[in-house]
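All values below were derived from every heavy atom in this structure, side-chain atoms included, with hydrogens, water molecules and symmetry-related copies excluded.
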Amino acid sequence: MRPGFLESKRRLFLAGWLFISFFVSTTLSQDLEGGDERYRSSLLFAHVLEMVRSQYVDSDQIDYNRLTHAALDGMLSSLDPYCEFLDAEQYLDIRSETKGIFGGVGVYVGVQKNRNLVINMPVPGGPAFKAGLLPGDLIVKIDEKDAKGLSLSEAIRLMRGRPGDPVALVIYRPTTRQTLEMSIFRAVINVPTVRDSAIISEFSQGEHQVGYMRILQFGENTIYELDDALKELYGKGMTSLIIDLRNNPGGLLEAAVQVAGRFLEPGQVVAYTDGRHDGEGRNYYHAEGDRHDLALPLVLLVNQHSASAAEIVAGALKDLGRAVLVGETSYGKGSVQTIQPVENSQDDPVAIRLTTAKYYTPSQQVIHQKGVSPHVTVPVSRAEDQAILRKQNRHVLSPEEQSELANVEDRPLARAITVLKGLMIFRERHPNIQAQVEKKQQQLSHAGFGY
């Protein structure tokens, strides 16, 4: 290609950036100082981009798309651990994950404040679960690449791949101070979000039938799976229900609102988000639909790994007196990330994940960095927590492993059953007081705490 042509292309690109900078500075801001700052920043970016493009030693690494994507990724990741730039492949992965079907090792991961990559929960029955990975384990390396500082989507992309192909992981387990090296073979992961719905027969007496279900995460199909589980349990005579949200890393806000709304008055505020404009950007989420189980005695199990959308459900049902929470204070991930497609001229779509607001419960309690505290606290050790998780998924364990877990006691679950028994006895002995309590709950629901 002719040198003159390359130089013309370079000048045209720089001129385009200058025009964009001038346009942005003069049309998007009426404040002269703010416009000047935006102009200078855009000009600085354009100059540095051209310096790298024209002088960097390895010419195969300096195409405009690659440099621009890297710059955008760095800009967003500097804001907080949850913001990131999503290229076409990452954007597709995100959309696949919310549908509950994806390929990989089967772990839900999060990023700690110090940028460590932590396992929130292995998918029951998935490759990582069978390899013995546990909530709280830190991922140190993925195929020889340091995991600390990786964005969530980058870490997920590295762990995903063709089913049957191995991925090498280095894991650090804080509880035992062990460093584990393992090779895990990828598989297609199809994740049901509601599992283990059953009547807990050993704790049911007479007409009292205690129902139980686990919600593993909140996805597009969660509300339908919840309705199927409720129908099944009602068919078996369920009179009270335990919903287990332990180790639930969250998911879709809309799914959490739907689940909480099943147990609230229609129209009730389930949660709201508040952005940067002092209430002007506040969005309210209400209980909707034509099915609402208002009288079913309800207990939620939560622990320190219950996060995000799980905390929305717990906070709403706690605030409105609709459920008793048992367990530990939840994780405290209450910021809102929205996936926003970016309009551009490329054929492949890209997007950004941006923190735009924080979650609040109906009574204006902030969730972020505080969590949702239970009514009944049942602290468990990390070893207990891990043993309970493995016992919950004993159907994928070997007979020897199942035998080892036979005597593991799930103390939070036992306490939840005790709480439900107390609620049922109270209803039977004090029907008038119970009616007053339910009337007060309905008044609070309609009032919406002043909203």
Side-chain angles (χ1 to χ4, degrees), residues 1-95 111 115 117 145-158 275-277 280-281 335-357:
M1 193 174 291
R2 300 188 307 275
F5 177 81
L6 290 175
E7 179 62 20
S8 298
K9 183 178 179 182
R10 186 191 72 81
R11 290 177 178 176
L12 181 62
F13 179 83
L14 183 56
W17 263 107
L18 293 174
F19 173 78
I20 292 171
S21 301
F22 177 77
F23 179 82
V24 168
S25 66
T26 55
T27 60
L28 297 185
S29 175
Q30 296 181 1
D31 174 57
L32 182 59
E33 183 178 352
D36 285 345
E37 183 179 356
R38 188 178 293 111
Y39 173 83
R40 288 193 300 269
S41 297
S42 299
L43 186 59
L44 174 63
F45 178 81
H47 278 314
V48 172
L49 181 64
E50 277 305 300
M51 290 174 66
V52 174
R53 182 77 172 81
S54 62
Q55 300 177 36
Y56 185 68
V57 62
D58 292 327
S59 59
D60 60 339
Q61 298 185 35
I62 54 175
D63 63 273
Y64 285 121
N65 274 347
R66 178 172 183 170
L67 292 175
T68 302
H69 285 194
L72 293 173
D73 185 54
M75 176 179 67
L76 286 159
S77 64
S78 71
L79 299 174
D80 67 46
Y82 306 108
C83 295
E84 56 185 325
F85 174 77
L86 304 171
D87 62 22
E89 183 180 355
Q90 293 167 319
Y91 188 26
L92 179 61
D93 285 344
I94 292 292
R95 287 183 291 180
V111 179
R115 299 280 178 169
L117 195 66
K145 185 177 181 65
D146 288 337
K148 186 168 185 176
L150 291 178
S151 67
L152 284 175
S153 62
E154 188 175 2
I156 290 169
R157 188 173 72 252
L158 288 172
R276 61 187 291 180
H277 300 298
E280 294 180 9
S335 58
V336 182
Q337 283 74 46
T338 57
I339 306 295
Q340 303 178 30
V342 179
E343 294 183 5
N344 60 26
S345 59
Q346 300 175 12
D347 293 334
D348 293 329
V350 298
I352 62 172
R353 187 206 300 264
L354 191 65
T355 301
T356 55

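- Between Tyr91 and Pro341, the closest side-chain pair of non-hydrogen atoms falls below 4.5 Å.
- The salt bridge (Lys or Arg N to Asp or Glu O under 4.0 Å) pairs that include a residue from residues 55-71 number zero, where partners must be two or more places apart or lie in different chains.
- Ser41 places no side-chain N or O within 3.5 Å of a backbone atom of Arg38 that could act as its donor or acceptor partner.
- Taken from CG in Leu150 to CD1 in Ile156, the straight-line distance is 11.0 Å, to the nearest 0.5 Å.
- Side-chain atoms of Ser77 come within 3.5 Å of backbone N or O of Gly74 as a donor-acceptor pair.
- In terms of heavy atoms, Lys145 sits closest to Leu158 at CD-CD1, 3.6 Å.
- Atom OG1 of residue Thr68 and atom CG of residue Asp73 lie 12.5 Å apart, to the nearest 0.5 angstrom.
- Rounding to the nearest 0.5 Å places NE2 of His69 at 14.5 Å from OH of Tyr64.
- Looking only at side-chain heavy atoms (C-beta outward), Thr355 and Leu79 stay at 4.5 Å or farther from each other.
- Taking every heavy atom of both residues into account, Tyr82 and Val111 meet most closely at OH-O, 4.0 Å.
- Atom OG1 of Thr356 and atom CD of Gln337 lie 7.5 Å apart (nearest 0.5 Å).
- With values rounded to the nearest 0.5 angstrom, Ile62 atom CD1 is found 10.0 Å from Leu49 atom CG.
- The salt bridge (Lys or Arg N to Asp or Glu O under 4.0 Å) analysis of residues 76-87, with sequence neighbours excluded, yields the pairs Glu84-Arg353.
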